[in-house]
Amino acid sequence: MNSLVKKYRYWEWRTIIVLSVGYALFYFVRKNLGMAIPAMEAELGISKTQLGIFLTLHSLIYGFSRFVNGLLVDRFSKKKIMSLGLLLTCIVNLVICFSPKLNGMLNLLDAEGKATLGLVYLIGSLWVLNGYLQGMGVPPCVSLLAHWIKPKELATKQSIWNVSHTIGAGVVVAMCGFLLDHFGYSAWYLCFLVPALIALVGVPLLWLGLKDDPSEVGLPPVEKMTDSPEAKSDEVNPLENIDGAKYKRIINKMVFANPYIWIIALSNFCIYVIRLTILDWGASFLTEEKGMDIAQAGGLLATTEIIGGTLGMLLAGWLSDKLFKSKAHRTCFFCIVFATLAFFLFWKSSSVVLSFIFLVVSAFFIYGPQALYGVCASQQATKHAAGTGNGIVGIFGYASSVVSGVLFGAMADTGGWDSVFKVAILFGIAGALVIGAMWNAPSDGYEKLNRIIQEDK
């Protein structure tokens, strides 16, 4: 048994590390646009409203893609879907980088070198396509983690993987900030070229480093590696042993007819309004509202992601398993309350130092729910429907870009940033109230799933 446990631990941590590196590289070719926005606005004359439309459509398609790919990874190869997604999203970023070079064929620039509607539509369409390809990243991760990590350890260890969000976003905004500061706004295309070339390294890493299921390396289902109640139930049967009719029943009961999934999804919508506002518009309001230069803005955003976000995720996961007995939704409630308060204080701060502190604190608490809502969905849906459950939660999270993208872009163009902050704070309050309604929910849905399986016998 000792050798079996040792082998299991090796593959568990190998999976966590490979997924963390791979998904961080997804962020390299996704959160680069936010840093490029001020330069594209200045050099190409594209307005915040137009860029906001890009961000909204990208996020809507991303949410839809997470749902579609969530269904797919629950039935097909997870590593193949993730590897292909990273390869294609890198290619799209490279095409965006070189898109102005097509001016001779497509009339993309006017006489002053500004973007015509043709270039706006081309970059916008490519960014929307990028949104779908990015949706091939999270579903394989959450499904693989649910297959490789014991249910009672999922919050802590999935939070470790979630650090990839903050590291990826933090490194890419710092990188792009440096590139723009060193080469000038005319080099906006480097924000797409350099991250894409780096991210391509992750494709063979994912393909060679992952296994879809413990059975591929001669290990039993992860629940059988513990003495927990789940290990003694029929639930531990591998997914491939569940026939089509039973699978559909499980998906319906554990996801679509599960009120907890919808509560998680709705609260996720609210907190994502604040998160996407910082990620997508941070460089803009830090330079315009707070008077920072682009290098300072990039450094601050990188700090909020890498330090604030990373510590917030790790602490939230640990607290959920140790203090709240794996009831991650309770941790999320407190996180949203404090994230909203810190975001309010950031808005009202008048100095660079206070702005820095409150934005980092806000990210610290925002990334608690960012890490844990996926855990909540996996726990409530169980490993057999983790991809689909996270797909629903993802759709709601990125549907929030209707607010944070095009609406906030238009509001910033017409009324300034104060109106944006007011609306974002209201959504934070609503998110706390919604997840608070789930306070007495069980830590996971395995008992419910066992009843469903018993009813089918």
Side-chain angles (χ1 to χ4, degrees), residues 63-64 66-76 78 135 138-155 158 212-213 221-224 226 228-269 320 325-330 332 372-397 434-435 437-457:
F64 170 76
R66 276 184 56 167
F67 173 70
V68 171
N69 285 289
L71 291 170
L72 293 176
V73 300
D74 282 337
R75 300 298 277 176
F76 303 108
K78 304 159 188 57
V138 166
C141 290
V142 296
S143 185
L144 281 164
L145 292 168
H147 278 78
W148 280 102
I149 300 174
K150 299 172 185 178
K152 298 305 181 184
E153 299 176 0
L154 189 60
Q158 186 163 322
D212 284 324
D213 189 87
V222 66
E223 295 86 355
K224 287 188 175 180
T226 178
S228 67
E230 300 94 85
K232 299 169 183 159
S233 72
D234 290 332
E235 189 277 327
V236 301
N237 290 335
L239 183 59
E240 53 267 27
N241 290 343
I242 296 178
D243 61 33
K246 184 178 289 187
Y247 171 75
K248 290 179 181 178
R249 177 171 166 76
I250 288 173
I251 291 292
N252 182 56
K253 292 288 187 178
M254 300 308 298
V255 179
F256 297 109
N258 188 342
Y260 295 136
I261 295 294
W262 298 102
I263 289 174
I264 295 166
L266 185 57
S267 184
N268 196 40
F269 178 100
S320 295
K325 308 300 181 183
S326 298
K327 293 186 177 182
H329 50 277
R330 293 188 176 181
C332 291
L372 294 178
Y373 276 153
V375 174
C376 291
S378 293
Q379 288 174 326
Q380 297 301 326
T382 76
K383 72 172 188 178
H384 291 317
T388 307
N390 273 273
I392 292 289
V393 174
I395 283 179
F396 273 71
V434 171
I435 199 63
M438 193 178 162
W439 185 265
N440 291 322
S443 60
D444 60 53
Y446 282 98
E447 183 177 344
K448 178 180 179 180
L449 177 60
N450 293 340
R451 292 197 301 268
I452 295 171
I453 293 174
Q454 292 299 322
E455 289 170 3
D456 286 341
K457 288 186 173 180

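Residue numbers count from 1 along this sequence. Every heavy atom of this structure was used, including side-chain atoms; hydrogens, water molecules and symmetry mates were not.
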Check: residues 253-267 side-chain donor-acceptor pairs under 3.5 Å, at least two apart:
from	atom 1	to	atom 2	distance (Å)
Asn258	OD1	Tyr260	N	3.1
Asn258	ND2	Met254	O	3.1
Trp262	NE1	Phe256	O	3.0
Ser267	OG	Tyr373	OH	2.5
Ser267	OG	Gly431	O	2.9

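Once rounded to the nearest 0.5 Å, the distance linking NZ of Lys327 with CG of Asn440 reads 7.0 Å. One distance of note links CD of Gln158 with SG of Cys376; it measures 9.5 Å at 0.5 Å rounding. Distance check: Asn69 CG to Phe76 CZ gives 11.5 Å after rounding to the nearest 0.5 Å. Arg330 CZ to Leu372 CG: the interatomic distance, rounded to the nearest 0.5 Å, is 14.0 Å. Note that CH2 of Trp148 and OG of Ser143 are 12.5 Å apart. Values are rounded to the nearest 0.5 Å. Taking OG1 of Thr388 as the reference point, atom CG of Asn252 lies at 11.5 Å (rounded to 0.5 Å).
Closest approach of Ser443 to Lys325, counting heavy atoms only: CB-O, 3.8 Å. For Asp213 against His147, the heavy-atom pair with the smallest separation is OD1-CD2, 3.2 Å. In plain terms, the two heavy atoms of Ala377 and Val393 that are nearest each other are CB-CG2, 3.9 Å. The nearest pair of heavy atoms linking Gly389 to Ala381 is CA-CB, 4.4 Å.
When atom types are taken as modelled, the side chain of Asn268 and the backbone of Phe396 share no donor-acceptor pair closer than 3.5 angstrom.
Annotation: ring pair (Phe, Tyr, Trp, His ring centres under 6.0 Å) contacts of Phe67 (sequence neighbours excluded): none.
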